[in-house]
Amino acid sequence: MGNERHRELGLTDDQVLQMYRTMLLARKIDERMWLLNRAGKIPFVISCQGQEAIQVGAAFALDREKDWLCPYYRDLGMMLVFGQTARDQMLSAFAKAEDPNSGGRQMPGHYGDARFRIVSGSSPVTTQLLHAVGVALAGKMEKKDFVTLTTFGEGSSNQGDFHEGLNFAGVHNLPVIFMCENNQYAISVPVEKQLAGGSVAARAQGYGMPGVQVDGNDPLQVFEAVKTAADRARRGEGPTLIEATSYRLAPHSSDDDDRTYRKAEEVEDAKKKDSLNQFKNYLYGAGLLDEERENAVNREIAREVDEATEYAEQAAYPDPEQTYTHVYRE
Amino acid sequence: MGNERHRELGLTDDQVLQMYRTMLLARKIDERMWLLNRAGKIPFVISCQGQEAIQVGAAFALDREKDWLCPYYRDLGMMLVFGQTARDQMLSAFAKAEDPNSGGRQMPGHYGDARFRIVSGSSPVTTQLLHAVGVALAGKMEKKDFVTLTTFGEGSSNQGDFHEGLNFAGVHNLPVIFMCENNQYAISVPVEKQLAGGSVAARAQGYGMPGVQVDGNDPLQVFEAVKTAADRARRGEGPTLIEATSYRLAPHSSDDDDRTYRKAEEVEDAKKKDSLNQFKNYLYGAGLLDEERENAVNREIAREVDEATEYAEQAAYPDPEQTYTHVYRE
Amino acid sequence: MPILSYIDAVTLALREEMQKNPRVFVLGEDVGVRGGVFRATHGLIDEFGPERVLDTPLTESAIAGVSIGASVYGMRPVAEMQFADFIMPAVNQIISEAAKMRYRSNNSWHCPLVIRAPYGGGVHGGLYHSQSVEKLFTGIPGLKIVTPSTPYDVKGLLKSAIQDEDPVLFFEHKRCYRLIKGEVPEEDYTLPIGQAEVKREGTDVTVISYGLTLHFALQAAEELQKEGISVHVLDLRTLIPLDKEAVLQAVAKTGKVMIIHEDNLTGGFGGEVSALIAEEAFFELDAPIRRLAGPDVPAMPYSPPLEKEFMLNQEKVTHAIRELAEF
Amino acid sequence: MPILSYIDAVTLALREEMQKNPRVFVLGEDVGVRGGVFRATHGLIDEFGPERVLDTPLTESAIAGVSIGASVYGMRPVAEMQFADFIMPAVNQIISEAAKMRYRSNNSWHCPLVIRAPYGGGVHGGLYHSQSVEKLFTGIPGLKIVTPSTPYDVKGLLKSAIQDEDPVLFFEHKRCYRLIKGEVPEEDYTLPIGQAEVKREGTDVTVISYGLTLHFALQAAEELQKEGISVHVLDLRTLIPLDKEAVLQAVAKTGKVMIIHEDNLTGGFGGEVSALIAEEAFFELDAPIRRLAGPDVPAMPYSPPLEKEFMLNQEKVTHAIRELAEF
Ligand SMILES: Cc1ncc(C[n+]2csc(CCOP(=O)(O)OP(=O)(O)O)c2C)c(N)n1
Ligand SMILES: Cc1ncc(C[n+]2csc(CCOP(=O)(O)OP(=O)(O)O)c2C)c(N)n1
Ligand SMILES: [Mg+2]
Ligand SMILES: [Mg+2]
């Protein structure tokens, strides 16, 4: 890894430090949620661990003032880049009234935030791809120059909506980026049993669009691919499919026990490639980080997570009457 | 066109004559149905015209004693090869009780015949691909060596079920052949507005299976592609995607008026490539057909169609009480 | 006032709303150059161009899902499902997504889209071009379901649907398309979604219906009038939200209720209406609540004698009402 | 007799049928090595191998469609939808294909498949892991719908479903999985699909229910007994075909009817049951027919106070029955 790569990509030193910080913040929020879950304080966690580089790298390549997101449930890192805070995450984890995604109506990980043009998502996988295509179609109709990014797992890429979405975007040449976060498992089902042909990116050709495969443990590679795709889209050249491969470091969710279907060694091996370590080393090598600065960042983040947790734990639940509101416009 | 091609493919002279005869029979039945429709005698026709070479070429490449079909509504030619008769078609067109497909319950073109392992089809497009995959899975589980062929239009290839079906067959390496009959229109929508990337066959790669493009006006090319795919499948090497391109010579159905969306010249041009003429010329060139023999075939077929029409017109409608039967096992 | 057919009222409503609001657009299979297989979007592409009259690929889930995305952004998509039977592949997008967008986002997002779909039988459409599918959606809070029976209602309600801030399924009975004609004002009017209408006043039997069967009820009422039986006919027009007040009032008018729809009996919307009455107007009732509906078979067969057997008609309706009147 | 949990009865029925008939196989997401996310297929892959316990790609339409194809061939697939909420992408295959295969082929083909799906709330599942989806299918002739409430019924009915010659949707209330335990004979018994069961005899109020709410009704009955109110409780067990005879008899027992389900009120199966009663047992009734059901909101929210508000429980049920008894 040359330590000048980020500059070649047009990223400042500050920006890569910010990327690292956001990846770390995402990881730390996620880890805290597991602790809270194991302590019986929150009923559910679904994890971004192992995918922070993808999420942060991608989000940094977009225009946070105008681009749109249709994310999936692991995109904590992306949400932080686009403007959500640790507190927002914890409010959602505790299902409190102030949760900006849903006022506590949805499980954690079901993002949606009108402040940042993050379209509300559901649990059934892959539906959001079509919403992204629709947003992109609207943008094109209105002659705007924003792009729409949507993400999904490699298991989800086998749903019919993937096919219909990519085809629609291809036919109408829409400014949308489809990014698969291939973490090699769909709950217990490994890629080999999930994905005929073994590659999501290879499917792009069937829709006449570029298909790009990148190392999802390297935020700069992801940044570059998304940047290229976004530039292309803004120039009116249409959609791109990106497959960023990493590994799901945690169980599927707090309801899962991943020891039933994968070996501890496999997970340990993957941890050696953890993007957080790799990227930290890169920053050390580039002279942007040293022990002191790292400790400072760690402390800051710990405080941020503590405060967020505390706030959310104290915050009010929605009133039971909220069960009945917002079914239709009131 | 070398006039020895059929022998190189292992087809006897008799067989190619039989192929031609079946293509012609399909065409003549179809033409008669339009006449009956325009005369107000049958409410609906959906046409095989322009796709006879695909259907007959493919069916001849299969084992009619054991292979399974999940066809679509234009596959009249294929039905005739597998064992249905002109009379069967007319019984269906007139919606009479003896219609072997559905006892008059379904519109014409909705094939299904347990005698010949033709699985009953519906109107919603592309659902049959998954049935074919299921039949193939069953065959594999039961260690049988039959293959299953399923067909669909190029418009239908954009439905989610296409993607899910090919992926499933790829993952489980199933003996199934997916054959797209690309007639360049989905009702009024031309391929360019339908199919991102422009090629159905190109999508095969995304599922790790061969994707083959053939001239759908040449029954021998189709025969060869399907034969290769069937052999492959029987050897346990898995599924194949075939795209056979021709042109829909008639309106979409008797309810359509194709002059609203395509030029008469375009249709006329396509008629010049009509597989029936091309194949007839091939047979003339091979010395298998001359005017006398052609006239004899034409007369035979005309009689067959006449008799079938007459029989079906006279045949009994299903009893109204049939509305209530066979919802569940009785 | 001009006399328009039911389908012309559809086209007119679309045209007027597209003229008024540049964010209204239509999409679906064959809606462009072809003007729709029933011609409901006929002429729109000439007036508004292919950008606002979009021929989509043959993919219903995408039609619904893309409409959701576009409407979340702020557009006003009016999607066509070519036949209501083919809405099935879009059920996930409609039920999991459109119906829940507002609720799940705690009112941060919403999706004001309309899905039009021709439903119903009597057109030699066989099993898959004749179905009534409203029962699949009437139990899905978050959706509105509109089922007009007259050209006047079509225009007013479709315009309301397009202006509505929530997803609306607009079911058009395809047998009505050219059969039913009526006066339709040229001016820009809307009708409130969620309001039933008494289409005929009467005192002996109350019929509650919608769509094509509403017309059978009106014809039957005419017929029975001659026999001295006075039939009160309520057109629900909107299934969700259901106009409960109107239903209860209509029941109170006669004390004898017959609910009629073409959809299968079991699980059809008639059950809901009956349950409402049995709970909230029980003491108004002078007789058991009757339902007259399509039989409990998978769908309407193609063969003429079977189609006829499945379909309701004036005769069957007259007979059933007479029986109830004599109860 | 051994005491089993509701979910263990599922596993046992699957195992027994797989042992008996080599054509029975299970397929779904994570049903193999993982044994299902709820562990309903736990251990089956060890006993029957990966060929008969198939981990499928994440594609519900394919799970249903492939099952249809395999069952048309003659296999006996038992498909799992990981959560009932995720059956939506398979609706087209289930409604257009499975339900109509026999009818449309005039009895030439049929598809004897079972689709199992955990439904219902009370498990912190939020909007999309808590839904009751039976109402989407109860109006689809050609399907059978089974909704057992006890381990005994689970085993007997799931075995019948697997042996049935028509497609069966088998809905398992996921809150019952580990909560509800009961005696389950070791021998090979089946229970007829389409037969309701009186789970408690009573004389004052008739409760008709199924699934989790059936247990609330039984608890409420116990409670109300102390107050001198005698509650008759009918467990429908099968929604389609509905055991009409049993419903009418249960109504006749008391003349006061309360129908309870967790699915939303509007469009829920209670409407159908109510309509049946209002038409066929009208003169047995001493009071309006009451329905107690989930509220008409899109789905059950995640946050504990909202989930609690949405869910029925013994208290709410007791209260409602008492009110009806005092009517
Ligand atoms: C339509 C649908 N079916 C099933 C599920 C249950 N489910 C939730 S996540 C998941 C696996 C997703 O795998 P993948 O797409 O690879 O994403 P990952 O979780 O690995 O990031 C499944 C099966 C669902 N949410 N939606
Ligand atoms: C799910 C579904 N949507 C819509 C239709 C209506 N429809 C019938 S055929 C057809 C076009 C099919 O085009 P293609 O797949 O290219 O086949 P072709 O008719 O050209 O052979 C359409 C839109 C349908 N039958 N099913
Ligand atoms: Mg994954
Ligand atoms: Mg075509």
Side-chain angles (χ1 to χ4, degrees), chain B residues 42-44 92 94-97 99 102-110 121-127 152-162 185-191 193-196 252-258 260-262 316-328, chain C residues 28-39 41-43 45 50 54-63 65 81-90 92-93 123-131 174 264 266 294-311:
Chain B
I42 65 174
F44 184 77
S92 170
F94 280 96
K96 296 299 174 74
D99 157 33
S102 72
R105 291 175 177 206
Q106 291 221 73
M107 300 176 97
H110 289 62
S122 63
S123 308
V125 298
T126 327
T127 52
F152 48 92
E154 82 292 345
S156 306
S157 79
N158 300 303
Q159 286 278 347
D161 278 357
F162 169 90
Y185 282 90
I187 309 187
S188 71
V189 182
V191 189
K193 283 206 207 166
Q194 188 66 253
L195 198 62
H252 172 75
S253 75
S254 51
D255 292 339
D256 185 31
D257 177 0
D258 61 333
T260 55
Y261 55 83
R262 63 182 186 181
Y317 276 122
D319 189 272
E321 278 308 303
Q322 285 304 315
T323 307
Y324 307 101
T325 58
H326 309 315
V327 179
Y328 299 97
Chain C
E29 295 154 10
D30 305 289
V31 299
V33 202
R34 179 87 189 94
V37 296
F38 289 100
R39 320 292 284 151
T41 55
H42 182 60
I45 195 167
L54 229 77
D55 273 328
T56 66
L58 176 31
T59 51
E60 286 77 11
S61 188
I63 293 170
M81 296 286 153
Q82 195 159 85
F83 286 82
D85 314 65
F86 306 141
I87 205 169
M88 303 297 169
N92 190 36
Q93 285 289 346
V123 299
H124 306 303
L127 299 179
Y128 297 98
H129 300 81
S130 306
Q131 290 174 80
K174 68 175 85 72
N264 318 99
T266 297
D296 284 335
V297 305
M300 195 178 301
Y302 178 65
S303 194
L306 308 187
E307 179 175 276
K308 182 154 175 259
E309 179 72 21
F310 185 111
M311 284 292 285

Under 4.5 Å from any heavy atom of chain C - which part of Asp161(B): neither

Closest non-hydrogen atom pair between Thr260(B) and Arg34(C), with its separation: OG1-NH1, 3.1 Å

Lys193(B) and Val33(C): CA distance, side-chain angles, deciding distance, side-chain contact (heavy atoms from CB on, under 4.5 Å) verdict: CA-CA 12 Å; Lys193(B) 283 206 207 166; Val33(C) 202; 4.2 Å; yes

NE2 on His124(C) to OG on Ser254(B), rounded to 0.5 Å: 11.0 Å

Asp257(B) portion near chain C, given a 4.5 angstrom heavy-atom threshold: both

Residue pair Pro298(C) / Val327(B), side-chain heavy-atom distance below 4.5 Å: yes

Where Ser123(B) and His129(C) come nearest, the two heavy atoms and their spacing: OG-CE1, 3.4 Å

Separation between OG1 of Thr59(C) and CZ of Phe162(B), rounded to the nearest 0.5 Å: 13.5 Å

For chain C, the option from Asp256(B), Thr325(B), Val125(B) that forms the most heavy-atom pairs under 4.5 Å: Asp256(B)

Atom NE2 of His252(B) with >12 non-hydrogen neighbours under 6.0 angstrom: yes

Pairs of heavy atoms under 4.5 Å with chain B: top-ranked of Gly125(C), Gly126(C), Ala62(C): Gly125(C)

Side-chain donor/acceptor of Gln159(B) to backbone N/O of Leu58(C), under 3.5 Å: yes

Audit row: Gln82(C), Ile187(B), side-chain contact (heavy atoms from CB on, under 4.5 Å) steps and yes/no: CA-CA 11 Å; Gln82(C) 195 159 85; Ile187(B) 309 187; 3.4 Å; yes

Residue Val37(C) versus chain B: region with a heavy atom under 4.5 Å: side chain

Pro124(B) versus Tyr128(C), closest heavy-atom pair with distance: CD-CD2, 3.5 Å

Tyr185(B): ring-ring contact (aromatic ring centres under 6.0 Å, His included) partners, not counting sequence neighbours: Tyr261(B)

Pairwise side-chain hydrogen bond (donor to acceptor under 3.5 Å, both in side chains) hits with a residue in residues 298-311 of chain C, at least two apart: Tyr324(B)-Glu309(C)

pair Thr127(B)-Met88(C): side-chain heavy atoms closer than 4.5 Å: no

Closest non-hydrogen atom pair, Ser188(B) against Asp30(C): OG-OD1, 2.6 Å

Gap between atom CD of Gln194(B) and atom OG1 of Thr56(C) - 0.5 Å precision: 7.5 Å

Minimal non-hydrogen separation, Gln322(B) against Leu306(C), with atom names: CB-CD2, 4.0 Å

